[in-house]
Amino acid sequence: MGPDNTTPSHPQPSYRGSCLCGAIHYEARAEIKGASHCHCGMCRKAHGAAFGSYGNVPVGSFSFTRGADLVKHRASSPGVTRSFCPECGSPLTWHSEHGDAAAWMSFSLGTLDTPFVPAKALRSIHADSVPAWHGGEWPHGPGAAGSA
């Protein structure tokens, strides 16, 4: 095995994604870890939805491959930065400078262009912040009441 723990029969995974308007593209060159639905108020506002869905890769495995000069960054709280496309508003990344999280880049799973099938169900974080209008019990899953 090479230094990146890959072999010719097990290449390093690569996921590609982009914003809604296509101005910004990115690549995540590692296995996606800790995929989650975050229900905190900031993620709900950033995504305009009941939660933001994120995947995580080591910081050095994530890069913008087109439109990097267009990406806008905003400090959403002390030590936390979110990035988005200023043209279409797509939320792209979330990064914390705090503790173990500093080693990881979180990106919006909804912006993936490459198929991603998680090994296990996405976990919900800050589930105590699920808005009342979302309805039903969280988490919803296949076959659960209220799921599609």
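We count residues from 1, following the sequence as given. The figures here come from the full heavy-atom set of this structure, side chains too, leaving out hydrogens, waters and symmetry mates.
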field: Any Arg74 side-chain heavy atom under 4.5 Å of Ser76 side chain
entry: yes
field: side chain to side chain donor-acceptor pair (under 3.5 Å) against Arg44, all qualifying residues, sequence neighbours excluded
entry: none
message: Between Tyr26 and Thr111, does the side chain to side chain donor-acceptor pair (under 3.5 Å) criterion hold? Intermediate values first, please.
response: CA-CA 9 Å; Tyr26 66 83; Thr111 62; 2.8 Å; yes
message: For the backbone of Gly34 and the side chain of Asn56, can you confirm whether one donor and one acceptor N or O come within less than 3.5 Å of each other?
response: yes
- prompt: Is the backbone N or O of Leu109 less than 3.5 Å from a side-chain atom of Ser53, with the two atoms forming a donor-acceptor pair by type?
  reply: no
query: Looking only at side chains, do Arg29 and Ser63 share a donor and an acceptor under 3.5 Å apart?
result: yes
Min side-chain heavy-atom separation Ile24-Phe84 under 4.5 Å: no
- prompt: Just by distance, do the side chain of Ser61 and the backbone of Ala30 share a donor-acceptor pair under 3.5 Å?
  reply: no
field: Min side-chain heavy-atom separation Trp104-Pro58 under 4.5 Å
entry: yes
- request: Report yes or no: does Thr65 contribute a side-chain atom to a donor-acceptor pair with the main-chain N or O of Glu27 at less than 3.5 Å?
  value: no
- request: Sequence neighbours left out, what passes side chain to side chain donor-acceptor pair (under 3.5 Å) with Ser96? Give chain and number order.
  value: none
- request: Taking Thr93 for its side chain and Arg82 for its backbone only, find out whether a donor-acceptor pair lies under 3.5 Å.
  value: no
Between His95 and Phe107, ring centroids under 6.0 Å: no
message: Over 60° means perpendicular and under 30° means parallel, so tell me whether Phe116 and Tyr15 are parallel, tilted or perpendicular.
response: perpendicular
task: Would you indicate whether Asp100, at its atom CG, is surrounded by more than 12 heavy atoms from other residues, nucleotides or ligands within a distance under 6.0 Å?
output: no
message: With heavy-atom distances below 4.5 Å as the criterion, would you say the side chains of Lys33 and Glu31 are in contact?
response: yes
